[in-house]
Amino acid sequence: MKLTKFTHACVRLEKNGSALVIDPGAFSEESALQGARSVLITHEHFDHVEVERLRGAAEAEPSLEIWTNEAVAADLTDVPAKIHVVRHGDTFDTAGFAVRVVGEWHAPNHPDAPIVSNVGFLVDEEVFYPGDAFTPPAAEVPTLLVPTNAPWLKLSETVDYLRQVRPARAFSTHDGLLNDVGLGLVDRWLAMEADKQGAEIRRLAPGESVTLS
């Protein structure tokens with residue numbers, strides 16, 4: 001499986017000539033969706049879903065499938081794709097990938113902002129993408145996509161999550177709001193944790209790909 005990181009919170013998974021994209025939001029490159037057969041969306045915030053972009057992808061690929069929660073699905077009624085509503089505990093196959101849904105809620109943000117629904121995805125028992133949450137996956141996770149910057153998180157939570165899940169490898173996500181100084185800090189923090197755990201824990205630059213065994 002090939003994993004490609006796009007700006008901020010978007011990743012693309014490819015295997016056997018098929019592509020699946022997670023959270024192609026407003027900060028990510030439009031190229032992330034090119035040729036994709038399936039899209040997974042964790043929640044409704046604009047940095048994770050961009051309706052017009054999905055409409056264009058569906059027009060280019062009429063068989064496109066989108067898997068997401070009920071709130072996001074309600075916003076996609078004009079997108080000509082097959083929309084599936086999923087919840088915690090659901091399993092499904094799409095674009096040649098096996099997916100399990102993990103989690104229900106976004107992490108608390110501003111005290112006056114309602115907590116929205118958030119579903120994470122465990123793909124092929126290999127890659128876990130929690131969305132905007134630190135949901136325990138309740139399974140061994142070879143590859144974790146770990147949030148490293150947001151109004152709703154602090155460094156200690158990221159570190160605690162890495163130590164709870166203890167993946168073989170982890171790559172930064174949700175880092176598109178940082179300048180070069182902030183990204184440098186993320187690199188340093190992740191390197192410290194990689195040394196402590198004896199695991200590959202680091203940030204991928206936008207457009208960078210890795211092959212997962």
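Within 6.0 Å of CD in Glu140 there are 12 or fewer heavy atoms belonging to other residues, nucleotides or ligands. Surrounding CG of Asn179 are more than 12 heavy atoms belonging to other residues, nucleotides or ligands, all under 6.0 Å away.
Rounded to the nearest 0.5 Å, atoms CE (Met1) and CG (Leu3) are 8.0 Å apart. Taken from OG1 in Thr135 to NE2 in His88, the straight-line distance is 9.0 Å, to the nearest 0.5 Å. Summarising the geometry, atom CG belonging to Leu190 is positioned 10.5 Å from atom CD belonging to Gln197; distances are rounded to the nearest 0.5 Å. How far CD1 of Ile22 is from OG1 of Thr68: 11.5 Å, rounded to the nearest 0.5 Å. If you take CG on Asn118 and NE2 on His45, they are separated by 9.0 Å, rounding to the nearest 0.5 Å. Taking CD of Glu126 as the start and CG of Leu144 as the end, the distance is 11.5 Å to the nearest 0.5 Å.
Sorted by first and then second residue, the ring pair (Phe, Tyr, Trp, His ring centres under 6.0 Å) pairs with a member in residues 111-131 form an empty list; sequence neighbours excluded. Screening residues 37-54 for salt bridge (charged side-chain N to carboxylate O under 4.0 Å, His left out) gives Glu52-Arg55 as the qualifying pairs, with residues at least two apart or on separate chains. Applying the salt bridge (charged side-chain N to carboxylate O under 4.0 Å, His left out) test to residues at least two apart or on different chains, the pairs with a partner in residues 70-79 are Glu70-Arg87. Sorted by first then second residue, the side chain to side chain donor-acceptor pair (under 3.5 Å) pairs that include residues 153-165, not counting sequence neighbours, are Arg163-Glu193. Screening residues 22-42 for ring pair (Phe, Tyr, Trp, His ring centres under 6.0 Å) gives His8-Phe27, Phe27-Phe46 as the qualifying pairs, with residues at least two apart or on separate chains. Residue pairs meeting the ring pair (Phe, Tyr, Trp, His ring centres under 6.0 Å) criterion with at least one member in residues 52-77, sequence neighbours excluded, are Trp67-His84, Trp67-Phe92. Listed by first then second residue, pairs satisfying ring pair (Phe, Tyr, Trp, His ring centres under 6.0 Å) with a partner in residues 180-213 number zero, not counting sequence neighbours. Residue pairs satisfying the salt bridge (charged side-chain N to carboxylate O under 4.0 Å, His left out) criterion with at least one member in residues 7-19, sequence neighbours excluded, are listed as follows: Arg12-Glu14, Lys15-Asp124.
Aromatic ring centres of Trp152 and His110 lie farther apart than the 6.0 Å criterion allows. Taking the six-membered ring wherever Trp is involved, the centroid distance between the rings of His174 and His48 falls below 6.0 Å.
Leu13 is not connected to Leu33 by any chain of hydrophobic side-chain contacts under 4.5 Å among Ile, Leu, Val, Met, Phe, Trp and Tyr, and they are in different clusters. Using a 4.5 Å cut-off between side-chain heavy atoms of Ile, Leu, Val, Met, Phe, Trp and Tyr, with links allowed through other members, Val101 and Val141 fall into different hydrophobic clusters. Both Val21 and Val72 belong to a single network of hydrophobic side chains, linked directly or stepwise wherever heavy atoms of I, L, V, M, F, W or Y lie under 4.5 Å apart. Taken together through direct or relayed side-chain contacts under 4.5 Å among Ile, Leu, Val, Met, Phe, Trp and Tyr, Leu162 and Val102 form part of one hydrophobic cluster.
Between Val49 and Asp23, every side-chain heavy-atom pair lies at or beyond the 4.5 Å cut-off. Between Leu155 and Leu185, every side-chain heavy-atom pair lies at or beyond the 4.5 Å cut-off. Counting heavy atoms from C-beta on, the side chains of Pro80 and Pro62 never come closer than 4.5 Å. With contacts defined as side-chain heavy-atom distances shorter than 4.5 Å, the pair Ile66/Val79 qualifies. The shortest distance between side-chain heavy atoms of Leu54 and Pro24 falls below 4.5 Å. In this structure, Leu20 and Val39 have side chains that are not in contact, with every pair of non-hydrogen atoms separated by 4.5 Å or more. Looking at heavy atoms from C-beta onward, Val119 lies out of side-chain contact with Leu40 at the 4.5 angstrom threshold. The closest side-chain heavy-atom distance from Thr94 to Val99 is below 4.5 Å.
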ask   = Does the side-chain contact (heavy atoms from CB on, under 4.5 Å) test come out yes or no for Val186 and Arg188, once each step is laid out?
value = CA-CA 5 Å; Val186 167; Arg188 186 175 72 183; over 6 Å; no
inquiry  = Under the criterion side-chain contact (heavy atoms from CB on, under 4.5 Å), I'd like the reasoning laid out for Leu145 against Val127: C-alpha separation, chi angles, the key distance, then a yes or no.
reply    = CA-CA 7 Å; Leu145 298 169; Val127 177; 3.8 Å; yes
request  = Would you check, one step at a time, whether the test side-chain contact (heavy atoms from CB on, under 4.5 Å) holds for Val210 with Arg202?
outcome  = CA-CA 12 Å; Val210 293; Arg202 65 186 180 94; 3.5 Å; yes
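Trp105 shares a hydrophobic cluster with Ile115; the chain of contacts runs through ILVMFWY side chains whose heavy atoms sit under 4.5 Å apart.
A donor-acceptor pair is defined here as one N or O able to donate and one able to accept, closer than 3.5 Å; no such pair exists between the side chain of Asn149 and the backbone of Leu177. Although no hydrogens or angles enter the test, the distance criterion places no donor-acceptor pair under 3.5 Å between the side chain of Glu59 and the main chain of Gly56. A donor-acceptor pair is defined here as one N or O able to donate and one able to accept, closer than 3.5 Å; no such pair exists between the side chain of Asn16 and the backbone of Ser18.
Applying the side chain to side chain contact (heavy atoms under 4.5 Å, CB included) rule to Ala139 yields the partners Arg100, Leu122; only residues at least two apart in sequence or on another chain are considered. Here Ser209 pairs with Thr4 under the side chain to side chain donor-acceptor pair (under 3.5 Å) rule; sequence neighbours left out. Contacts of Asp175 classified as side chain to side chain contact (heavy atoms under 4.5 Å, CB included), with partners at least two apart in sequence or in another chain: Lys5, Thr148, Ser172, Leu178, Leu183, Arg203.
Nearest heavy-atom pair, Ala73 versus Ile83, reported as atom, atom and distance to 0.1 Å: CB-CG2, 3.8 Å. Heavy atoms only, all atoms of each residue included: Ala19 and Ala95 are closest at O-CB, 4.2 Å.
Looking at Asp132 and His43, their side chains do bring a donor and an acceptor atom within 3.5 Å of each other. In the model, Ser38 has no side-chain atom that pairs as donor or acceptor with a side-chain atom of Glu65 under 3.5 Å. Between the side chains of Glu61 and Ser63, at least one donor-acceptor pair of N or O atoms lies under 3.5 Å.
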